[in-house]
Each structure stands twice: as C-alpha cells, then as structure tokens.
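Notes follow once the structure below has been shown.
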Amino acid sequence: MKTNKWEKDDFRNMDPWRLFRIMSEFVEGFEHMSEVNKGVSIFGSARIKEGTKYYELAREVSKNLALAGFDVITGGGPGIMEAANRGASESGVGNTVGLNIDLPFEQTGNPYVQHGINFRYFFVRKVMFLKYSSAVVVMPGGFGTLDEFFEILTLVQTRKVPSTPIVLMGEKFWSGAIEWIKEVMLDSEDAMICESDLDLIKITDDPQVAIEYIEREYGRAKLKDK
C-alpha cells in the first residue's frame, strides 16, 4: 500500500509554506525599518569582549555617528554589535537598531538595542542592512563579517545599490587582505578588478577620519540624487 505524500510530509516544512514565511519576514522588516534615518550598518565579530581595542573603537565610532545624526544598525548581538549599539545609545540622541539572526550558538540580543527585529533567514536580514544603510563600517570579524563586507562591496562595484561609503576600521587587521587584493586580484597578469575599485574602500584607525569620510561621501551622494 502506497503512503500518501500528504501523510508523510508536513506541508509547513515544504517550500511553498516556507515562501510565505520568507515573505512575512520581508514585510515585518520593511515596516520596522521604514523609520530609519541615515542608517549606518556596523559589522564585526560577536566574539570581541568589552574593554578590548576593537570593542572600544566600535563604541566610539558609533557614538560619533549618532551625534552626527546617523542611526546605527547592527546585527543586534554581542561583541562589536553590542559595542556599536552601546555607543549610539550613550550619545543620548542616537537611534540604535538590532537585526538579530536566530542561530544555535553565539547570537543573543544585547541590551542596547532600542528597535530590534528577529530573523530566521540570513538573506532577508541582509536586504534590511543594505536597503536602509547610507554607509557601512566594517570592524574586524570572522567569516560572517567578511561575507557582509564583500557583498556590499560587490553591490556598490556593480552599481546594484547607490554609492555607499565603506569604511574598514582596524588597519592592522585589514592590511593583509587589502595587500592580497592588490597583488593577486589587481596586479596579476589577468587583472580581475580595476584600480578604481579600491577607491570604494576607506581604511583607518581614526574614528574622526571615518566620520568625516562618511559625512562627505553621504553629502556627495545626496547631491547626485538631486
């Protein structure tokens, strides 16, 4: 006797049902993010501890961004994300947003998020980051941080999103990656990128340099839109 497919499979676990769940995440995300003003997404490791160099750097950058009128968007978790939400919150004027992702480890919400959303799907969460970001600050991090960095860099390079300032904070951390890009991707016999592509990235250890660069490039982008 054949087993009925509908008895064997729960419809809620099938792709058609999953599509509705994905749509609901998009709708909820768009509704929550519609009030973000001049958002800056800050990416970085969830494993960096309070009091360390990069934690305090993220905290300072975020505080200054908030004072400059930008909303700070993070993944809503610990480490760099916590530091960024904390800095914006400590400014007294900043709006801090946390786009948390459901993971079996690491990712728990931090107490400095004022407006939080939980996501099941990474790709829906990424859309929220990119759609509502006027600039991106990338702190040291792991695979997830590199994924977020190269995705926004690709979208800006291919002009799939408006020109977006990208700041890499932590010269020592990023220098090896940038040298590899220059030596292997740019200066090889078969160049895979253009020299102008490197102009899409600003590397610094100085929070003030980062803020001034973001404000300048944001202003230029607004002028182009007029």
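Because only heavy atoms are used, hydrogens play no part in the values below, and waters and symmetry mates are left out as well, while side chains stay in.
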* Given side chain to side chain contact (heavy atoms under 4.5 Å, CB included), test Glu148 with Arg125 step by step and report yes or no. => CA-CA 11 Å; Glu148 289 156 340; Arg125 181 174 176 249; 4.0 Å; yes
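- Using a 4.5 Å heavy-atom threshold, the side chains of Glu35 and His115 count as separate.
- At least one side-chain heavy atom of Ile73 sits under 4.5 Å from a side-chain heavy atom of Val36.
- The hydrophobic clustering, which links ILVMFWY residues whose side-chain heavy atoms are closer than 4.5 Å, places Phe123 and Ile117 together.
- Residue Phe143 qualifies as open at atom CZ: its count of foreign heavy atoms under 6.0 Å is 12 or below.
- Just one of Glu60, Lys49, Glu82 meets the side chain to side chain donor-acceptor pair (under 3.5 Å) condition when paired with Tyr55; it is Glu82.
- A distance of 8.5 Å separates CG in Asn100 from CG in Asn110, rounded to the nearest 0.5 Å.
- Salt bridge Glu50/Arg86: present, at least one basic N to carboxylate O contact under 4.0 Å.
- Between Phe129 and Phe43, the angle of the ring planes goes over 60°, which puts this pair in the perpendicular group of the 30/60° scheme.
- Atom CG in Leu57 sits 9.5 Å away from atom CD1 in Ile48 (nearest 0.5 Å).
- When hydrophobic clusters are built by joining Ile, Leu, Val, Met, Phe, Trp and Tyr residues whose side-chain heavy atoms come closer than 4.5 Å, directly or via intermediates, Tyr54 is not grouped with Val209.
- Placement of Leu67 and Val137 in two distinct hydrophobic clusters is found when ILVMFWY residues are connected by side-chain heavy-atom separations under 4.5 Å, directly or transitively.
- Side-chain contact between Met128 and Glu25 is absent, with no heavy-atom pair separated by less than 4.5 Å.
- In this structure, OH on Tyr112 lies 13.0 Å from OG on Ser62, to the nearest 0.5 angstrom.
- Evaluation of the side chain to side chain donor-acceptor pair (under 3.5 Å) test over residues 134-147, restricted to residues two or more places apart or in two chains, returns Lys126-Asp147.
- Crowding of Glu195 atom CD: a count of heavy atoms from other residues, nucleotides or ligands under 6.0 Å not exceeding 12.
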* **Derivation of the side chain to side chain contact (heavy atoms under 4.5 Å, CB included) call for Leu65 and Ile211** => CA-CA 6 Å; Leu65 282 169; Ile211 303 303; 3.5 Å; yes
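- Checked by atom type and distance alone, the side chain of Thr164 pairs as donor or acceptor with a backbone atom of Pro162 at under 3.5 Å.
- Here CZ of Phe119 is found 7.0 Å from CD of Glu28. Values are rounded to the nearest 0.5 Å.
- Looking at Asp71, its side chain does come within 3.5 Å of a backbone N or O of Asn37 through a donor-acceptor pair.
- Side-chain contact between Met169 and Asp205: absent, with no pair of heavy atoms (C-beta onward) separated by less than 4.5 Å.
- Side-chain contact between Arg59 and Lys63 is absent, with no heavy atoms from C-beta onward closer than 4.5 Å.
- Summarising the geometry, atom OG1 belonging to Thr96 is positioned 3.5 Å from atom CD belonging to Gln114; distances are rounded to the nearest 0.5 Å.
- No continuous path of hydrophobic side-chain contacts links Val93 to Ile42 [ILVMFWY only; heavy atoms under 4.5 Å].
- Asp197 contributes a side-chain N or O that, together with a main-chain N or O of Cys194, makes up a donor-acceptor pair within less than 3.5 Å.
- Val138 and Ile152 fall within the same hydrophobic cluster, defined by Ile, Leu, Val, Met, Phe, Trp and Tyr side-chain heavy atoms under 4.5 Å apart, directly or through other members.
- Around CE of Met23, the count of heavy atoms belonging to other residues, nucleotides or ligands within 6.0 Å does not exceed 12.
- Put simply, the side chain of Leu168 reaches to within 4.5 Å of the side chain of Ile178, judged on heavy atoms.
- Here CG of Leu130 is found 6.0 Å from CG of Leu155. Values are rounded to the nearest 0.5 Å.
- At least one side-chain heavy atom of Ile214 sits less than 4.5 Å from a side-chain heavy atom of Phe70.
- Annotation: side chain of Phe149 is in contact with side chain of Ile201 (closest heavy-atom distance under 4.5 Å).
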